[in-house]
**Q** 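One structure coming up, written as structure tokens, with questions to follow.
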Amino acid sequence: MSKKLLLKDAHIEGIRYFETYRKQGGYTAAEKALKMTPDEILEEVKASGLRGRGGAGFPTGMKWSFLAKPEGVPRHLVVNADESEPGTFKDRYLMEFLPHVLIEGMLISSFCLGSNVSYIYIRGEYSWIPDILEEAIEEAKAAGFLGKNILGTGFDCEIYVQRGGGAYICGEETALLESLEGKRGNPRLKPPFPAVKGLWERPTVVNNVESIAAVVPIIDIGGAEYAKIGVGRSTGTKLISACGNINKPGVYEIDMTITVEEFIYSDEYCGGIPNGKRLKACIPGGSSVPIVPANLLLKTVNGEPRYMNYESLADGGFATGTMMGSGGFIVLDEDQCVVEHTMTLARFYNHESCGQCTPCREGTGWMYKILKKIENGQGKMEDIDLLWDIQRKIEGNTICPLGDAAAWPVAAAIRHFRDEFEWHVKKPELCLTQNYGLANY
Ligand code: NAD
Ligand code: SF4
């Protein structure tokens, strides 16, 4: 059974409220941290090996150590709660049921980074959650854990919640900062990174909800102990939101030592595939990461079992591996149509493109049109090669990762399921009437 750090108290009634959270030991990590120096906290976070839980997996301690500290310029912590990656809903769970873990993590992180004004930028569609967060902030303030001179340390910290307008692109950190400044959420060119020039051109750390929440157990048990959980550079625990063709969709906390097979079939997690269907493929890290067929999902290229961690999922590189990403684990059974699935994603990325770069603006729409044609039985064989060519021209040629995110699912679908695309071209009458899966081979 995986160790639980973030969700260990999730089952306790009333844990959403300060009083219950405090009774369970809540805010003791904050009390401990406020007696440490910011540098000591930073060392704990570095020692923990925590990697960003939003998708990129960038080492959190390293990101914090890049924060510029020019004299007299305010610094900010911004929590990215614009969780919009299809298949990803683990931050929603944390904020809805355990808001004080996030607020406590923000207090510790703000103290470490020297942020007196910190923000939570939350996706517009999570319309009921800002009230939960604002209530938790008020409770923490009333108990002296936010506001002025927190616990008599002389440290002041306010947290504000900002609702997004429902654009996926505002989850990209620089688009998020533009939006927070009241502008249209267009991504900025990096560098400069937000750690140097972020919100209102001030040094800013932008971190995912789960990353900041993880700071609480890190301070609680110490960075070195946290690093002992997991394996290699995949330290600590990770929240996974599981969905698709599984018996038990939901949010699970794993310690990154379990295999993909165990995660899908064990009753502790997804509980297998409904109606005894066969596993066809999986997208393990949210819609932006490459789809992997069952044979490569259960084993790596070296014949080893594939584990639910950063390194193992990526084993084999881009050709056969995938990514941990945001932890949005989407399972496809044998009846699912990869062409239809890829078309749906292409439509999504086309809709969400901000339009600044030509390869993304034009390429995502073009890919969607071709995929729709193939899915509707009007495709030609050369369309498959054209699709391949378009995605190659998008990848790496855009301002922000949305371009790559649109290209990778198409590339992986053609690489692993080319015969399925060809079947749609050769037998179009069948793909209009039935889905195509392994059973039809
Ligand atoms: P990135 O690799 O560009 O950056 C990762 C983080 O490290 C950023 O905060 C960046 O500022 C920082 N960083 C990197 N190099 C730095 C340097 N030299 N100095 C200072 N800071 C530095 O990736 P990203 O754009 O933050 O994220 C892309 C990922 O987001 C994708 O892989 C995807 O999985 C994920 N994603 C998640 C969601 C979601 O809903 N959770 C939605 C869309 C995409
Ligand atoms: Fe906008 Fe797409 Fe360019 Fe990102 S890659 S800046 S979403 S056009």
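Note that ligands are numbered from 1 as they come in the structure, with each ligand's atoms numbered from 1 the same way.
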**Q** Got a donor-acceptor contact below 3.5 angstrom from the S110 side chain to the M106 backbone?
**A**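 Yes; judged by distance alone, with no hydrogens or angles, the pair exists.
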**Q** Output all residues satisfying side chain to side chain donor-acceptor pair (under 3.5 Å) with K238, sequence neighbours left out; order by chain, then residue number.
**A**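 If we apply the side chain to side chain donor-acceptor pair (under 3.5 Å) test to K238, skipping adjacent residues, the hits are E210.
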**Q** Per the ring pair (Phe, Tyr, Trp, His ring centres under 6.0 Å) rule, what does the pair list look like for residues 288-327, sequence neighbours excluded?
**A**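 Residue pairs passing ring pair (Phe, Tyr, Trp, His ring centres under 6.0 Å), neighbours aside: F318-W408.
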**Q** Check step by step if salt bridge (Lys or Arg N to Asp or Glu O under 4.0 Å) holds for E375 and K372.
**A** CA-CA 5 Å; E375 168 63 13; K372 196 169 155 192; over 6 Å; no
**Q** Where does ligand 1 get N/O contacts under 3.5 Å from the protein, atom by atom?
**A**
| unit_1 | atom_1 | unit_2 | atom_2 | d |
| --- | --- | --- | --- | --- |
| ligand 1 | 9 (O) | K63 | NZ | 2.7 |
| ligand 1 | 9 (O) | E173 | OE1 | 2.6 |
| ligand 1 | 9 (O) | E173 | OE2 | 3.2 |
| ligand 1 | 11 (O) | E173 | OE1 | 3.4 |
| ligand 1 | 11 (O) | E173 | OE2 | 2.4 |
| ligand 1 | 40 (O) | S84 | N | 3.0 |
| ligand 1 | 40 (O) | E85 | N | 3.0 |
| ligand 1 | 41 (N) | G54 | O | 3.1 |

**Q** Starting from the C-alpha separation in whole Å, work towards a yes-or-no answer on salt bridge (Lys or Arg N to Asp or Glu O under 4.0 Å) for E125 and R123.
**A** CA-CA 6 Å; E125 291 89 340; R123 73 178 286 202; 3.1 Å; yes
**Q** Considering only NZ, NE, NH1 and NH2 on the basic side and carboxylate oxygens on the acidic side, decide whether D383 and K373 come within less than 4.0 Å.
**A**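 The answer is yes: the pair qualifies as a salt bridge.
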**Q** Counting neighbours of NZ on K248 that are heavy atoms of other residues, nucleotides or ligands and sit closer than 6.0 Å, is the number greater than 12?
**A**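 Enclosed.
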**Q** Can you tell me how far CD1 of I221 sits from NZ of K3, rounded to the nearest 0.5 angstrom?
**A**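 Between K3 NZ and I221 CD1, I get 6.5 Å after rounding to 0.5 Å.
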**Q** Can you sort out which atoms of ligand 2 are near I169, meaning under 4.0 Å from one of its heavy atoms?
**A**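 So the answer, numbered in order with elements, is 7 (S).
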**Q** Return all protein N, O or S atoms below 2.8 Å from atom 3 (Fe) of ligand 2, chain by chain in residue order.
**A**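 Protein N, O or S atoms closer than 2.8 Å to atom 3 (Fe) of ligand 2: C357 SG.
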**Q** Give the contacting part of T364 toward ligand 2: side chain, backbone, both or neither, where contact means a heavy-atom distance below 4.0 Å.
**A**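 It is neither part, as no heavy atom is under 4.0 Å.
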**Q** Might you work through the side-chain contact (heavy atoms from CB on, under 4.5 Å) test for Y27 and I103, ending with a clear yes or no?
**A** CA-CA 9 Å; Y27 288 97; I103 305 303; 3.6 Å; yes
**Q** Would you please classify the geometry between the F18 ring and the H100 ring as parallel, tilted or perpendicular, with 30° and 60° separating the classes?
**A**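 Ring orientation, 0 to 90° scale: perpendicular.
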